[in-house]
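Before any comments, here is the structure.
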2 protein chains.
Amino acid sequence: MNRSKPGSGALLEKPRRITLNDIAQACGVSRATVSLVLRNSPLVRTETRHRVEAEMQRVGYVYNRVAASLRQRVSKAVALVINDLSNPFFAEFAAGVDEALGAKGYVTLLGSSNESTARQQQVLGSLMEHHPAGIILSPAESSRAADVAQAVGRHTPLLVFNRELADGEAEGFGYDFLGLDNVAGAHAATAYLLAKGHRRIAFFGGHAQSSSCAQRRQGYRNALAEAGIDVEARWMVETAPTRLEANAHADALFAADRAPTAAVCYNDAVALGLMLGLARLGRHPGLDFAVTGFDDISEAAVGVPPLTTVNADPRARGRQAAELLLERASAPAPLPRRRVIAPVRLTERDSTPDAADARPGDAAVSHPRRERP
Amino acid sequence: MNRSKPGSGALLEKPRRITLNDIAQACGVSRATVSLVLRNSPLVRTETRHRVEAEMQRVGYVYNRVAASLRQRVSKAVALVINDLSNPFFAEFAAGVDEALGAKGYVTLLGSSNESTARQQQVLGSLMEHHPAGIILSPAESSRAADVAQAVGRHTPLLVFNRELADGEAEGFGYDFLGLDNVAGAHAATAYLLAKGHRRIAFFGGHAQSSSCAQRRQGYRNALAEAGIDVEARWMVETAPTRLEANAHADALFAADRAPTAAVCYNDAVALGLMLGLARLGRHPGLDFAVTGFDDISEAAVGVPPLTTVNADPRARGRQAAELLLERASAPAPLPRRRVIAPVRLTERDSTPDAADARPGDAAVSHPRRERP
DNA sequence: CTGAAAGCGCTTACAG
DNA sequence: CTGAAAGCGCTTACAG
């Protein structure tokens, strides 16, 4: 600002970008014509089109979509806010979203909340300033609808993934929802264990107040009820949905006699943690105790033992989320609110031995590890 | 377009957004004043500022950063292009980048190439149209510098992470580089195995022509050379850097007599695959064969056995990448090109038994599994 | 088919 | 401290 040598102002300025105008002048046509070429309008004569395209090529013109968005008042960006990118399930989901958006000419604006609702508010606010065409939100735990509504406003299409927003019905605030069939998934896992002869089956991990955990517990209860089995209170173990916490709480399963011989876990992270905890307690998951997960993250297939789990194909869910959102964003008239529940399927692996092989539920005894085939 | 009822045009139009102008009029000041308030200029009287801020609050004004970027000719977005989001190492890296960018008021434009250079070109092109303040690129395998230069141009700051671009020196094309100390990491892993008494140590997995693989092989060779050991050609096994491929090639280690008793693996994915392959061949990694990885992905700690590996703290690398890029993007004068090699450290776990416990390298024999403590 | 003009929502000198 | 005017790089009617 001060002391600048006269005429030196331009020295630090960034080189002027090449614009539509430059192309137009070089070709002796108007800006409007070049703009039409850019958007493949049939109004332009082929010869003119070729001349313009050649010039753009020659000078390395890059389209300024920011300017176009401003004028058109619609943006080709979609915001994606993820609760936990370091969880492979959500990372795959994000990859799927980006893939499908890219295929339709959209770009992904990423934000991550690290499971903090406060951070989520900030991130949503910052992304909104870029006026995205829509928002895909995989909410942090116990996100409130009113907060999200406040950040997103009423005019930007919103798709919520995976978890319900708490206090769902803010007035006039609508959004689409894409979830997993948690009830059916947990039901399938439980029924599978029942078929293998297990009768004392725990539901392990997760926060009971989260919608996904509540639904999975429901599926579990339904399956046991259908088998005429009463759930015992001590079979329900609550933990944060992390490997570490699950590991730490494994002994809760064996606090009393007639302990469970199997556990339906809230998700894979919890299941993997529980398996470590079991090993610590002298149990051998997959040999004398059965464990199931939920998500089918890549670690599930490769663990020892490989984990029987419920597969939700997060990448496909990501693509689906992107498509649902873009449908709404480009709908000429307001669409009705939609709830889509994606099906889910059990993937059978080795972590679920028959009940006959399970160890009786009394105090831990040293027990030689059975060699698996 | 056609047949619209007269006067009905507004029906389908999106509701007009609230702008600076609306705020200015409501407060009886000029647009310029409101703009100054927004950017916390000291030029505005406190009373005026409060009045303006209250009005923005009241009507739910959201700043249009797109318009601001256009006028200012600088954007608050940084593009992040990732080769493989489903690899937890890169997902963590992305999370770190987003975290650090967000802290500085920037937003992340995400793109993923899925290890395809063709897709990477498309993605870079599409992101460039949003005129980001800079680009962070974790390149797809065998990306060529000339292609990247063509897509990114010479004016947008670029930071390349993890892998060198092939044919590095396009004329006038400069970029910063953030890499891992691959040589030191592989050296540490090899030295650790040597200290445990191993003498026949393989280098397993990876594509030899990739820069990171070449560097890791170098570290491995250096360590063996320091111990006076000649590398035998059959100890070097090349595979795609995936779990599947590594699993499939495990038997290459045992093709001849005096097979290795340990393997330094290109990365964790390969190490986990190799461990599966070993099990298939009747070997017991962690008991009669030693394996090390590279990356320390979350699966490493939790596997059976837990994997001794080289930790590169991808989240911290992501933050570092963001900071390096923003330094350049906001530098008043052109900075010299920088190469930063991040340190890396060995994390000792159970996959690396002493050589004394390793099985002699002859044909596989049935061998009772040793119970671990 | 093509051109001249206005405008998207901001910021930036320049006056007062 | 505040206002009037111009401009960022596009697109959009509107004429010709």
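Each chain gets a letter, A, B and so on, in the order its sequence line appears, and its residues count up from 1. Here the structure is a predicted model, which means the values were calculated and not measured.
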Which side-chain N or O atoms in residues 132-142 of chain B pair as donor and acceptor under 3.5 Å with protein atoms at least two apart or in another chain?
| unit_1 | atom_1 | unit_2 | atom_2 | d |
| --- | --- | --- | --- | --- |
| B:Ser138 | OG | B:Asn83 | OD1 | 3.0 |
| B:Glu141 | OE1 | B:His207 | ND1 | 3.0 |

Partner residues of A:Tyr106 under the ring pair (Phe, Tyr, Trp, His ring centres under 6.0 Å) criterion, sequence neighbours left out: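 Per chain and number, A:Tyr106 pairs via ring pair (Phe, Tyr, Trp, His ring centres under 6.0 Å) with no residue.
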
Nucleotide pairing, DNA chain C (Watson-Crick or G-U, distances under 3.5 Å), in dot-bracket with [ ] and |: |||.||||||||.|||

Only counting residues at least two apart or in another chain, list the ones meeting side chain to side chain donor-acceptor pair (under 3.5 Å) with [X].
X        : result
B:Glu129 : A:Arg65
A:Arg71  : none
A:Arg49  : none
A:Arg31  : none

Partners of [X] by salt bridge (Lys or Arg N to Asp or Glu O under 4.0 Å), sequence neighbours excluded?
X        : answer
B:Glu55  : B:Arg58
B:Arg45  : none
A:Asp176 : A:Arg328, A:Arg338

Side-chain donor-acceptor contact under 3.5 Å, B:Arg73 with B:His131: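 There is no such pair between these side chains.
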
Short side-chain N/O contact to D:dA4 OP1/OP2 from B:Ser30, under 4.0 Å: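 Negative; the distance criterion is not met.
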
DNA chain D contacts among residues 40-53 of chain B, heavy-atom distance under 4.0 Å: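 Contacting residues: B:Leu43, B:Val44, B:Arg45, B:Thr48.
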
Contact state string [nucleotides 5-10 of chain C, B base, S sugar-phosphate only, - no protein heavy atom under 4.0 Å]: -BBBBB

